[in-house]
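Okay, structure first, notes after.
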Amino acid sequence: MIAGNQAPLGQESLRERDRRYLWHPYTQHKTAPEHIAITRGQGALLWDEEGKQYIDAIASWWVNPYGHSNTYIADAIYRQLTTLEHVLFGGFTHEPAILLAERLVPLLPPGQEKLFFSDNGSTAVEVAIKAALQYYYNKGEKRTKIIALENAFHGDTFAAMAASGITFFTEAFRGSLVEVTHIPVPVKGSEDEALAVLKALAATGEYAAFIFEPLVQGAAGMVMYEPQALDRLIAVCRDHGVFTIADEVMTGFGKTGKIFASGHLENKPDMMCLSKALTGGTIPMAVTTFTGKIFKGFYDDDVNRVLFHGHTFMANPTGCAAALASLDLLLSDEMQQNIRRINENHLAFMKKMQHHPRVKEVRVRGVILALEIAREGKEEYYGGFRNRLYNFFISRGIILRPVGNIVYILPPYIITDDLLRNIYDVVEEAVEKIT
Ligand SMILES: *Cc1c(COP(=O)(O)O)cnc(C)c1O
């Protein structure tokens, strides 16, 4: 079979062929270098078309804790694909979704009773925000605004984008967004200010929900704050009828040392958004979870009170099977041991680096380590210094995506101590050399 208008492909590399038709995320194609074509992955390693090896030090954007080409998940997917690959979730149900719910609910913070499936982190957030807004609409109460944290990232669909606080990501779309007020992040020294601002907003009665990335703001550069600070914010929301949405798309499934970051909290959120590592980095899938109280706000004889949301691939059985297999891996003693081992290694590296004259701060939570390189002035998210760091890491065969002057490591949990040391050595070298 010969495709009519195909260019001759003979000697062209994948890198070159990519340029013809493909559009990449957050990429200025006029100035971006060619994309590295990965042909194979195994464990924490990836190989490109020239055979060069890379350590995946960020678990491919935080989705892959159990290693690339994991055969345990692959077998589960294959079995599901050859039993029931997909069936519509409107009017029908299936065991993989039921099982996944039965296994997830006991792991969630107390009170989470209902699961709504979708396809990715942004849609999980979209569903949560829509549910909060429609809950109050159904009640006839005028609460149309949302509270979020500064520098938050909640995804790129419209409500998720509105909640995001990294302004250059969202500037072009202002005017078409849900009304969101951003409050200070309760990092050390700003806890009281954040609390005061939140209190004033909550007291207006205009806000339906407060959304946050619990304990670690991923895309902001792994900005970290304490559970106690968040507990106080959640308590204020509870007192004022403002629902709390824990966006655990990044922090979920072990990254902070507990299964969910909300596990570090005394006060539990009303909704949770899960995606990324849910399926071990194999199949796009997400879940939004709810308390019974929120579900009851839609439970009515009136059909117009249903949650007006749905996706074609909702609760895709193959995705559910991948998520079930991923949970088996996460809950194994071996994986829990891996998480503790990475944390210990991170803490040792933090101790080594935190007083380095070129280091501004090192912070660790669970398997996440962030190191801020001391620089004059404020760094651009995708600025020149960041690009020099990125290129240096790539030249050393390590995939790290610094945010401005912040280098963070979030490796697959199965990474060996040797590979981890290799990453630390190269980061240390970058701190010394890259200016
Ligand atoms: C990545 C991310 C999202 C968006 O997920 P997508 O699958 O990219 O749509 C939302 N929230 C948080 C906290 C994230 O890290």
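One-based numbering, in listed order, for ligands and for the atoms of each. Note that the structure is a prediction, hence the values are computed from the model and not measured.
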When you measure from atom 8 (O) of ligand 1 to every protein heavy atom, which one gives the shortest distance, and what is it? Ser122 OG, 4.4 Å
Any nitrogen or oxygen of Asn120 lying under 3.5 Å from a nitrogen or oxygen in ligand 1? Just yes or no. yes
For ligand 1, which part of Glu213 has a heavy atom less than 4.0 Å away: the side chain, the backbone, both, or neither? side chain
Are Phe260 and Phe253, when compared by the centres of their aromatic rings, separated by less than 6.0 Å? yes
Option among Thr251, Thr256, Asp231 that satisfies the side-chain hydrogen bond (donor to acceptor under 3.5 Å, both in side chains) test with His264: Thr256
One finds that the ligand 1 atoms under 4.0 Å from a non-hydrogen atom of Gly155 are 4 (C), 10 (C)
Examine Arg305 relative to Phe298 and say whether NZ or CZ is less than 6.0 Å from the centre of the six-membered ring and inside a 45° cone about the ring axis. no
What's the shortest distance from atom 13 (C) of ligand 1 to any protein heavy atom, and which residue and atom give it? Asp247 OD2, 3.3 Å
List every atom of ligand 1 that sits less than 4.0 Å from any heavy atom of His154, numbering the atoms from 1 in the order shown and giving each element. 10 (C), 11 (N)
Proximity of Phe89 and His94 rings by center, below 6.0 Å: yes
Should the proximity of Trp62 to ligand 1, defined as any heavy atom under 4.0 Å, be assigned to the side chain, the backbone, both, or neither? side chain
Pi-cation contact, Phe295 with Lys114 (under 6.0 Å, within 45°): yes
Evaluating non-hydrogen atoms only, which member of Ala152, Ser118, Gly121, Ser164 is closest to atom 5 (O) of ligand 1? Gly121
To check your reading of the model: name the closest protein heavy atom to atom 2 (C) of ligand 1, its residue, and the distance in Å. Lys276 NZ, 2.6 Å
Can you confirm if the aromatic rings of Phe212 and Phe210 lie within a centre distance of less than 6.0 Å? yes
Looking at ligand 1, does any of its N/O atoms fall within less than 3.5 Å of an N/O of Ser275? no
Can you tell which of Arg232, Arg365, Arg363 makes a salt bridge (charged side-chain N to carboxylate O under 4.0 Å, His left out) with Glu226? Arg365
